[in-house]
Amino acid sequence: MSQRNVIGEALIEDLAETLQIPQSRYEAAGRSYRSVADWLDRPASVFAGVDLDVYTQGSFRLGTAIRPVSGEEHYDLDVVCEFDLDKWDRTQAQLHADLGRELKLYAARYGMDDPSPWDRCWTLNYADEAQFHMDVLPSVPDGQRRRLIREQGFPSSDLVQDAISITDAQHHNYRRLSDDWPASNPNGYAAWFLGRMRPVFESRRKAMAIQARADVADIPTYRVRTPLQSAIQILKRHRDMRFVDEPEGRPSSIVITTLAAHAYGQESTIAGALLSILDRMDAYVECRSGEWWIANPSDPRENFADAWNDDSSKQVAFDDWLQTARVDFAAASRLGDAIEFVDVLAPRIGRDLVEAAVARRGGSRRQAVTLAARANRAMRRVLDAPHRRPASWPTFRDGSVDIVVASAMRDGFRPQVFGSGEPIARGSELRFDARTDVKRPFDVFWQVVNTGEAAKQARDLRGGFDVGDITPGVLSREETATYPGSHSIECVIVKDGLLAARSGPFLVTIA
């Protein structure tokens with residue numbers, strides 16, 4: 001993709017480490033779901049005598065869980081309760097209710113709040129010190145689905161053997177006895193995911209066993225970290241931050257995880273895996289008869305991109321996020337300077353977390369005088385805005401550009417010339433004039449970044465690069481002071497496809 005730097009790649013490795021959740025979290029999760037399994041299997045349980053399998057699914061199962069953006073270590077633990085029952089024995093609603101009654105008794109026994117019911121599952125709400133809650137999904141084996149897929153010649157029929165039927169209050173057969181239930185396959189998916197990284201996974205697990213002078217089987221799978229898992233964790237954090245103010249566009253974790261696993265080429269380093277995954281992951285998005293498709297590898301009839309077909313803006317948001325991630329991490333991998341590394345990734349990883357990654361390599365947060373650290377608080381909000389797009393043009397700065405005059409006009413008032421950060425009245429018409437010494441021909445772009453609740457509610461945070469008009473003399477841009485708060489505008493000059501000059505953000509404070 002691009003030229004890479006040893007220091008930049010090492011800092012990406014450190015970044016992955018800062019995203020890891022403590023091993024004690026995995027151990028606590030294991031104790032908790034096994035406690036629930038024991039409760040459901042006790043003699044007084046409504047499920048007494050029913051064979052039961054309880055296991056995790058989702059990010060804890062795949063080893064891709066990350067610390068929440070909020071900084072508070074509260075995690076979602078997804079657990080499946082698979083009861084060896086026939087679907088003609090009870091309805092989805094009855095199975096869901098039976099599990100709910102048992103979980104209410106469990107919660108009362110251990111002094112917990114009542115579990116919360118949802119369409120598919122129940123949520124056990126642990127005390128704050130436990131730092132997680134558990135979503136418990138009732139299910140039964142899905143024999144019919146297995147037969148149907150085998151008859152259709154699904155090539156990975158071994159994955160289908162673990163398919164399950166789940167409850168869903170929105171399903172048309174929820175309250176009827178029927179063989180037609182919603183389906184899922186967390187065990188099949190987990191097996192596929194492990195298969196995508198098996199050579200590296202087994203090599204690392206064996207090395208850990210040798211170092212610990214133990215058998216390979218004695219090394220818990222959650223202790224083994226592969227570049228694929230770490231790359232997915234970084235991508236999920238980047239996604240979480242990018243859409244923190246625009247959650248409706250947030251790509252789902254299952255989409256990111258599936259495409260990343262497809263694109264992984266057994267790279268031995270995190271940076272190598274991350275960059276190659278970003279380069280190739282969209283190649284695994286299909287278009288079938290005008291519809292977007294990302295097939296579930298453990299059941300190709302399930303489409304993880306269904307939401308894109310229901311709302312096309314979600315597919316646009318995914319493409320935008322992927323392009324942004326490509327630019328961010330290509331730039332970060334090229335950098336040999338820790339301060340620049342922080343400034344590049346802070347908007348979509350989080351400044352504290354990136355600084356913590358830099359500090360792991362012997363740097364000091366206090367010594368890292370980054371661009372944002374030198375700026376005032378208002379400018380920092382703009383520089384670290386997650387929707388502020390990175391420039392995607394290769395950089396070859398052979399000139400300069402400056403915003404030389406900014407003026408605000410209101411009806412009945414004389415134009416007011418203002419400087420960066422000086423307050424202006426809401427509703428003013430704004431004009432920005434820039435000058436450059438770059439020789440024509442060139443292209444001019446303006447990047448406007450809005451912040452604040454009003455712009456967020458109006459879905460007008462912006463952050464991209466708008467094409468500007470090129471006229472003889474001064475380069476000009478007109479805007480309107482619509483939303484209160486801190487915003488910025490920057491002029492960028494592109495010549496022969498290269499970024500030749502940029503003015504730096506001009507702070508616009510609207511009172």
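Atoms considered below: every heavy atom in the structure, side chains included; atoms not considered: hydrogens, waters and symmetry mates.
Here the side chains of Trp321 and Arg250 are not in contact, with every heavy-atom distance at 4.5 Å or above. When side chains are defined from C-beta on, Leu11 does not count as touching Val354, because their heavy atoms never get closer than 4.5 Å. Looking only at side-chain heavy atoms (C-beta outward), Leu275 and Ser333 come within less than 4.5 Å of each other.
Taking the charged nitrogens against the carboxylate oxygens, Glu246 and Arg242 do have a contact shorter than 4.0 Å, which makes a salt bridge. Arg462 and Asp466 are joined by a salt bridge, as a carboxylate oxygen and a charged side-chain nitrogen come within less than 4.0 angstrom of each other. Salt-bridge check for Glu479 with Arg477: passed, with a basic side-chain N closer than 4.0 Å to an acidic carboxylate O. Salt bridge absent: Asp135 and Arg120 never bring a charged side-chain N and a carboxylate O closer than 4.0 Å. A salt bridge links Arg326 with Asp282; the closest basic N to acidic carboxylate O contact falls under 4.0 Å. Electrostatic pairing of Arg389 and Asp320 counts as a salt bridge here, judged by a charged N lying under 4.0 Å from a carboxylate O. Between Glu13 and Arg360 there is no salt bridge, since none of the side-chain N atoms of the basic residue sits less than 4.0 Å from a carboxylate O of the acidic one.
Arg348 pairs with exactly one of Asp384, Asp328, Asp343 by the salt bridge (charged side-chain N to carboxylate O under 4.0 Å, His left out) rule, that one being Asp328. Checked options Asn187, Thr56, Thr221; the residue passing with Arg61 is Asn187 (criterion: side chain to side chain donor-acceptor pair (under 3.5 Å)). With respect to Glu202, the salt bridge (charged side-chain N to carboxylate O under 4.0 Å, His left out) criterion is satisfied by exactly one of Arg198, Lys206, Arg205: Arg198.
Remark: the backbone N or O of Val255 is not paired with any side-chain donor or acceptor of Thr258 at under 3.5 angstrom. Here the side chain of Asp437 pairs a donor or acceptor atom with the backbone of Ser400 at under 3.5 angstrom. Proximity of a side-chain donor or acceptor of Gln229 to a complementary backbone N or O of Leu62 within less than 3.5 Å is detected. Formation of a donor-acceptor pair under 3.5 Å by the Thr436 side chain with backbone atoms of Val438 is found in this model. Within the 3.5 Å criterion, the main-chain N or O of Asp299 finds no donor-acceptor partner in the side chain of Glu302.
Contact detail for Phe506 and Ala406: the closest heavy-atom pair is CZ-CB, 3.5 Å. Nearest heavy atom pair, residue Val344 against residue Ala331, reads CG1-CB, 4.1 Å. Closest heavy-atom contact between Asn185 and Ser298: ND2-O, 3.2 Å. Shown here for Ala357 and Asp14, the closest heavy-atom pair between the two residues is O-CB, 3.5 Å. Minimum heavy-atom separation, Val449 to Gly463: CG2-CA, 4.1 Å.
Relative ring orientation between Tyr189 and Phe304 is described as perpendicular, the plane-to-plane angle rising above 60° on a 0-90° scale split at 30° and 60°. Relative orientation of the Phe132 and Tyr126 rings is tilted, given thresholds of 30° and 60° on the angle between their planes.
Residues satisfying the side chain to side chain donor-acceptor pair (under 3.5 Å) criterion with His262, sequence neighbours excluded, are absent altogether. For Ala263, the side chain to side chain contact (heavy atoms under 4.5 Å, CB included) partners at least two apart in sequence or on another chain are Ile277, Arg280, Met281, Tyr284. Qualifying side chain to side chain contact (heavy atoms under 4.5 Å, CB included) partners for Asp311, counting only residues two or more places apart in sequence or in other chains: Ser313, Lys314.
Residues Asp402 and Ser503 bring no donor and acceptor atom of their side chains to less than 3.5 Å of each other. Judged by distance alone, the side chains of Glu27 and Ser24 never bring a donor and an acceptor atom under 3.5 Å apart.
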Checklist entry - What do the steps show when you test Leu194 against Arg196 for side chain to side chain contact (heavy atoms under 4.5 Å, CB included), and what is the final call? => result CA-CA 5 Å; Leu194 177 61; Arg196 294 298 305 146; over 6 Å; no
Item to check | From CA spacing to verdict: side chain to side chain contact (heavy atoms under 4.5 Å, CB included), Ile12, Phe341 | outcome: CA-CA 9 Å; Ile12 288 176; Phe341 182 88; 4.0 Å; yes
Next on the checklist: Could you go through Arg25 and Gln20, starting from their C-alpha distance and side-chain angles, then the distance that decides it, and tell me whether this counts as side chain to side chain donor-acceptor pair (under 3.5 Å)?
Outcome noted: CA-CA 10 Å; Arg25 294 286 94 217; Gln20 299 300 332; over 6 Å; no
Checklist entry - Should Phe193 and Thr64 be marked as a side chain to side chain contact (heavy atoms under 4.5 Å, CB included) after you check the CA-CA gap, both sets of side-chain angles, and the distance that decides it? => result CA-CA 11 Å; Phe193 185 80; Thr64 59; 4.2 Å; yes
Checklist entry - side chain to side chain contact (heavy atoms under 4.5 Å, CB included) between Ser488 and Gln447: does it pass, once the steps are laid out? => result CA-CA 8 Å; Ser488 73; Gln447 184 179 40; over 6 Å; no
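In this structure, Arg435 places its CZ atom where only 12 or fewer heavy-atom neighbours from other residues, nucleotides or ligands lie under 6.0 Å away. Counting heavy atoms of neighbouring residues, nucleotides and ligands inside a 6.0 Å radius, atom CG of Asp310 exceeds 12 of them. Sparse packing is recorded around CD of Gln211, with 12 or fewer heavy atoms of other residues, nucleotides or ligands lying under 6.0 Å away.
Judged by a 6.0 Å distance limit and a 45° cone about the ring axis, Arg288 is positioned over the six-membered ring of Trp293.
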